[in-house]
Amino acid sequence: AGAKATPVVVVLGDSLTAGYELAPDEALPVQLEKALAQRGVAARLVNAGVSGDTTANGLERFEESVRDAAPDFVVIALGTNDHILRLPSRHAKQNLSEMIFKTRNEGAGVALIGLKPRWKWRFMRPVDMAYASVYRSLSRSHDVPLFDDILRNVRMDSRLTLDGLHPNADGVRVMAENIAEFLAPHLSALSHTNRAPI
């Protein structure tokens, strides 16, 4: 097969991806596509975010949300709700690991978007510290690129959030700039790579 001029990138996530209480064109994948284009990286981003989803929900809908889009690259941005709900971090880690395997089985590239608990280390409970390490561990064990904090420079900033957690439109643009800078080198190679159809 010939090289794809415009790679398809699925962003698999929760409300932070879906665009909670925002217009569709204000959601992260749309803004991320624009931020990548400004860096000379053409890609068609697919919003596979569902508000409230845990890693288990993302794994359950992987076929529908990811495989059906026939992506060249998948950005996995799940785990925030697992943490908020105090679900065991080992389950989140296993679910994320399975999604990485499934993505690679589809012949697509993959990157992880992690989270950092909002509390300072001295206030963290064991579950917080466990979640803080899940993504670094997966990045190392699977050799997956990691952007370690989806809400970097946004969390708890009243100018950039609706409620201290969910970003407003300005907050999403900050997120998109941060993540585009991280993703650009991983995606720029895709348009120059021949990939057989699935």
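- Hydrophobic clustering of Ile, Leu, Val, Met, Phe, Trp and Tyr side chains at less than 4.5 Å, counting indirect connections, keeps Met175 apart from Tyr20.
- Contact of the Arg104 side chain with the Val144 side chain is registered, since non-hydrogen atoms from C-beta on lie closer than 4.5 Å.
- Using modelled atom types, one side-chain atom of Thr161 and one backbone atom of Asp157 make a donor-acceptor pair closer than 3.5 Å.
- Side-chain contact check for Phe147 versus Leu183: every heavy-atom pair is 4.5 Å or farther apart.
- The two residues Met99 and Phe62 have their closest heavy-atom pair at O-CE1, 3.9 Å.
- Separation of atoms CG (Leu160) and CG (Asn153) is listed at 8.5 Å; rounding is to 0.5 Å.
- Proximity of Leu146 to Arg136: side-chain heavy atoms (C-beta onward) are separated by under 4.5 Å at one or more points.
- Taking both residues in full, the closest heavy atoms of Ser188 and Pro185 are given as OG-O, 3.3 Å, listed atom of the first, atom of the second, then distance.
- There is a path of hydrophobic side-chain contacts, each under 4.5 Å, that joins Val134 to Ile76.
- Look at Arg152 and Glu177 and you find no salt bridge, because none of the NZ, NE, NH1 or NH2 atoms lies under 4.0 Å from a carboxylate O.
- In terms of heavy atoms, Pro167 sits closest to Val154 at CB-CG1, 4.2 Å.
- A donor-acceptor pair is defined here as one N or O able to donate and one able to accept, closer than 3.5 Å; such a pair exists between the side chain of Asp72 and the backbone of Val8.
- With a 4.5 Å cut-off on side-chain heavy atoms, Leu78 and Asp14 count as touching.
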* May I have the step-by-step check of side chain to side chain contact (heavy atoms under 4.5 Å, CB included) for Asp82 and Ser89, ending in yes or no? => CA-CA 8 Å; Asp82 299 64; Ser89 63; over 6 Å; no

Using atom types as modelled, flag every donor-acceptor pair under 3.5 Å from a side chain in residues 26-35 to any protein atom, sequence neighbours excluded.
| from | atom 1 | to | atom 2 | distance (Å) |
| --- | --- | --- | --- | --- |
| Glu26 | OE1 | Ala23 | N | 3.0 |
| Gln31 | NE2 | Asp25 | O | 2.8 |
| Glu33 | OE1 | Leu45 | N | 2.9 |

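- Between Asp53 and Asn81, the shortest heavy-atom distance links the atoms O-ND2, 2.8 Å.
- Interatomic distance, Leu96 CG to Ser139 OG, rounded to the nearest 0.5 Å: 12.0 Å.
- Annotation: the span from Leu138 atom CG to Ser133 atom OG amounts to 9.5 Å, rounded to 0.5 Å.
- Here Leu151 contributes atom CG and Leu165 contributes atom CG; the two are 6.0 Å apart, rounded to the nearest 0.5 Å.
- The shortest distance between side-chain heavy atoms of Leu115 and Tyr135 falls below 4.5 Å.
- The two residues Leu59 and Lys102 make their nearest non-hydrogen contact at CD1-CE, 3.7 Å.
- Between the Asn47 side chain and the Thr17 main chain, a donor and an acceptor come within less than 3.5 Å of each other.
- Criterion: ILVMFWY side-chain heavy atoms under 4.5 Å apart, direct or through other members. Under it, Phe73 and Ile113 are part of a common hydrophobic cluster.
- Closest approach of Arg159 and Asn168 over heavy atoms only: O-ND2, 3.0 Å.
- Screening Val50, Thr103, Val110, Val66 against Leu12 for a side-chain contact (heavy atoms from CB on, under 4.5 Å) leaves a single residue, Val66.
- Inter-residue side-chain proximity for Pro71 and Glu106 is flagged as unmet; no heavy-atom pair is nearer than 4.5 Å.
- Without hydrogens or angle criteria, Ser15 side chain to Ala18 main chain gives no donor-acceptor distance under 3.5 Å.
- Taking 4.5 Å as the limit, some side-chain heavy atom of Arg155 sits within range of a side-chain heavy atom of Asp149.
- Distance check, rounded to the nearest 0.5 Å: CD of Glu21 to CG of Asp163 gives 7.5 Å.
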